[in-house]
Amino acid sequence: MLLNPAALTKPHPDARSAEVMRKTVAFFEAKGKRRLKADYHAHVWYADFLDFVRRERIFATMCTPAGYGAPDARWDTWRICEFAEILGFYGLQYWYTWQVSVLGLGPIWMSANDDAKRRAAAALENGGIFAFGLSEQQHGADIYSTDTTLTPVGEGRYVANGRKYYIGNGNEAAMVSVFGKLAGRGTGAGEYVFFTADPRQDGYELVKNVCASQNFVSEFALHDYPVTERDILAKGQDAWDAALNTVNVGKYNLGWASIGICTHAFYEAIRHAANRRLYGMAVTDMSHVRRMFVDAYARLVAMKLFALRAADYMRSATSEDRRYLLYNPMVKMKVTTQGEAVIDLLWDAIAAKGFEKDMYFEQAAVDIRALPKLEGTVHVNIALIVKFMPGYFFAPAELPDVPRRDDAANDDFLFHQGPARGLGGIRFHDYRATFARWTLPNVTRFAEQVEVFRTMLATAPPDEAQRKDVDFLLAGGELFALVVYAQLILENARIYATDHGLVDQIFDVLVRDFSRHALELHGRRASTAPQMEAALRMIRKPVEDAARYDRVWSAMVLPLKDAYEMPA
Ligand SMILES: Cc1cc2nc3c(=O)[nH]c(=O)nc-3n(C[C@H](O)[C@H](O)[C@H](O)COP(=O)(O)OP(=O)(O)OC[C@H]3O[C@@H](n4cnc5c(N)ncnc54)[C@H](O)[C@@H]3O)c2cc1C
């Protein structure tokens with residue numbers, strides 16, 4: 001299941017997709033770990049990477065929807081998964097300059113402004129990068145309070161004023177998609193608007209890089225920056241929807257950055273631990289270290305199974321089937337927090353080695369923390385998904401089975417998602433049918449825990465005050481998220497014919513996680529006696545199977561010690 005740059009095995013339906021992956025890997029392998037880390041420590045702007053991207057037309061192929069670019073260009077989430085994973089594998093900074101380009105392109109590809117689309121496609125062909133100017137220093141997640149204004153000055157002309165903060169690529173983007181509000185007294189005043197800005201034009205002041213890193217996470221200011229109708233991407237409800245729908249597309253990629261980071265860190269960690277001898281034995285002979293690696297591996301495979309399955313729903317989405325709106329935020333909040341758990345486990349196993357400056361691990365340990373916090377924090381995403389809980393548990397619907405989507409389709413719907421509202425009405429297929437197809441001991445145990453949770457929701461649901469208490473909702477939201485996570489892992493374990501011993505090992509982890517979150521719910525200030533009693537009944541021990549555990553360790557985990565090492 002794990003990405004191995006020395007043996008890329010993911011199938012692609014066309015030669016160009018495979019070539020993009022192969023060449024991207026080759027670029028980093030030729031760069032080597034010594035230079036990778038030297039650039040990281042010296043905060044060097046990654047011009048070499050962007051030169052490679054331009055020369056090989058990488059972003060042009062990957063980020064231009066079909067019809068706007070060369071025949072090899074399409075927006076194809078199947079291949080985007082692997083590309084994002086590879087970038088994360090070599091460094092979050094390389095992933096980030098691509099990711100904020102994806103975000104910057106979102107409102108452009110979603111708009112009705114064909115001229116802006118043609119300009120964006122041409123810029124991509126020339127190796128351009130893009131930026132997404134949503135955030136402002138004072139307002140954080142509260143984008144309702146956006147202060148940037150666009151004031152009409154007659155004859156289809158406007159001036160933009162305001163400051164944006166934390167905007168990646170704001171130094172060099174070919175086009176910056178800026179979110180603001182229409183000002184003045186005319187029709188539409190006060191409505192949201194998206195327009196493009198050019199960092200090279202007068203009126204665009206690049207204030208500073210907010211972060212000390214290879215990325216340029218800019219603060220920029222617009223001073224009577226001139227805008228014409230040609231630069232306007234969307235107004236009113238369309239602009240608001242474009243902001244949310246762009247984040248829907250973009251936040252999916254954070255999971256893949258996590259997966260890539262964890263995979264590289266895993267190879268380094270197990271190679272080190274298996275070759276280090278203490279007290280006359282390998283570090284990996286110690287039972288707790290072995291357990292850390294088995295848990296880390298099970299978590300990492302689970303992350304990947306879930307994220308891949310979520311892509312199937314994203315690619316198959318329609319305005320009638322919006323299940324992806326639950327699965328996407330879960331890739332963002334669940335996969336990325338699992339990434340933190342993986343790094344924590346690995347770091348405990350390799351201890352001091354994780355601090356060394358020539359290890360990829362040292363950078364992984366820092367960067368893995370970013371992903372749960374950006375593009376909506378974990379809290380924001382849990383608060384979002386709890387809206388789906390009643391429909392998920394109590395109103396399942398007959399919906400089409402979604403197959404593995406590895407075809408060469410252009411993911412049109414992602415740029416035509418429609419209104420961002422109406423989440424409560426979205427229906428899901430019955431998770432109990434998925435669990436019922438499995439007889440593995442820990443899947444059964446997990447299903448028993450879920451049944452207690454479901455019964456609690458039916459008999460002792462959150463009251464009015466609890467529903468307004470985000471702290472309480474987050475505790476329940478973690479349990480809900482785990483059910484959805486488990487469901488899609490099982491769906492994909494069938495599709496990928498995952499070893500049943502490994503699936504049971506993954507559920508050994510999930511049973512423990514469910515117990516931990518149940519204990520959290522029990523301890524919340526607002527929980528009532530019936531809810532506390534139900535929470536305690538959710539706490540279960542996984543079904544022990546020594547033979548399964550030993551086989552996962554010796555046949556799947558330990559051999560990874562020799563699987564991959566980045567050239568110096
Ligand atoms: C390195 C970096 C790169 C970035 N790149 C970009 C970029 O390119 N473009 C861009 O537009 N932005 C970018 N951002 C901004 C990023 O998306 C914001 O950090 C994010 O939106 C959250 O805002 P905040 O961190 O200021 O948190 P705040 O909004 O200040 O949140 C404070 C706390 O309140 C909680 N909270 C807020 N709202 C809710 C809610 N509705 N429900 C529950 N809890 C809530 C949060 O979870 C958090 O704990 C970047 C940030 C960084 C650090």
Side-chain angles (χ1 to χ4, degrees), residues 40 43 88 91-108 129-148 162-173 175-180 192 194-197 199 206-222 239-240 242-251 253-254 257 329 332-333 336-337 363 366-387 420 423 467-478 481:
Y40 176 78
H43 304 162
L92 190 67
Q93 63 276 37
Y94 302 101
W95 171 90
Y96 180 76
T97 192
W98 165 74
Q99 168 69 0
V100 290
S101 293
V102 166
L103 292 170
L105 286 163
I108 298 174
I129 53 175
F130 293 77
F132 186 58
L134 182 67
S135 297
E136 296 183 358
Q137 186 174 16
Q138 304 305 326
H139 306 302
D142 174 17
I143 55 173
Y144 296 98
S145 302
T146 296
D147 276 332
T148 297
R163 298 178 88 83
K164 292 285 175 180
Y165 205 75
Y166 296 130
I167 311 304
N169 290 349
N171 55 334
E172 283 212 358
M175 296 160 88
V176 183
S177 296
V178 183
F179 186 68
Y192 296 109
F194 247 120
F195 59 95
T196 63
L206 185 62
V207 179
K208 65 175 183 223
N209 188 348
V210 176
C211 298
S213 75
Q214 284 187 262
N215 300 316
F216 203 106
V217 185
S218 66
E219 176 181 12
F220 69 81
L222 299 176
W240 179 257
L244 299 194
N245 289 339
T246 293
V247 175
N248 283 343
V249 176
K251 68 181 167 193
N253 300 331
L254 281 86
K332 152 70 217 184
M333 53 76 48
T336 63
T337 46
Q363 143 176 14
V366 173
D367 291 343
I368 201 73
R369 304 286 168 209
L371 296 157
K373 295 173 184 64
L374 303 183
E375 277 180 64
T377 57
V378 171
H379 313 147
V380 169
N381 281 285
I382 298 189
L384 176 69
I385 65 167
V386 292
K387 298 194 175 91
L423 301 188
R467 281 201 295 274
K468 288 189 184 136
D469 176 356
V470 179
D471 194 38
F472 182 79
L473 284 186
L474 291 181
E478 287 282 8

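Atoms considered below: every heavy atom in the structure, side chains included; atoms not considered: hydrogens, waters and symmetry mates. Note that ligands are numbered from 1 as they come in the structure, with each ligand's atoms numbered from 1 the same way.
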Judged by modelled atom types alone, do S213 and Q93 share a side-chain donor-acceptor pair under 3.5 Å? no
Taking any residue with a non-hydrogen atom under 4.0 angstrom from an atom of ligand 1, which ones do you get? Y96, V100, F132, L134, S135, G140, A141, Y166, I167, G168, V217, L374, E375, T377, H379, V380
Is there a side-chain contact between P199 and L206 (heavy atoms, below 4.5 Å)? no
Set of salt bridge (Lys or Arg N to Asp or Glu O under 4.0 Å) partners for E172, sequence neighbours left out: none
In residues 468-476, what donor-acceptor pairs under 3.5 Å come from side-chain atoms, sequence neighbours left out?
{"from": "K468", "atom 1": "NZ", "to": "E464", "atom 2": "OE2", "distance (Å)": "3.4"}
{"from": "D469", "atom 1": "OD1", "to": "D471", "atom 2": "N", "distance (Å)": "3.0"}
{"from": "D469", "atom 1": "OD1", "to": "F472", "atom 2": "N", "distance (Å)": "3.3"}

Can you list the steps and then say if I108 with F194 is a side-chain contact (heavy atoms from CB on, under 4.5 Å)? CA-CA 9 Å; I108 298 174; F194 247 120; over 6 Å; no
Distance-only criterion, 3.5 Å: show the donor-acceptor pairs between side-chain atoms of residues 378-387 and protein atoms not counting sequence neighbours.
{"from": "N381", "atom 1": "OD1", "to": "K251", "atom 2": "NZ", "distance (Å)": "2.9"}
{"from": "N381", "atom 1": "ND2", "to": "G376", "atom 2": "O", "distance (Å)": "3.3"}
{"from": "N381", "atom 1": "ND2", "to": "T377", "atom 2": "O", "distance (Å)": "3.1"}

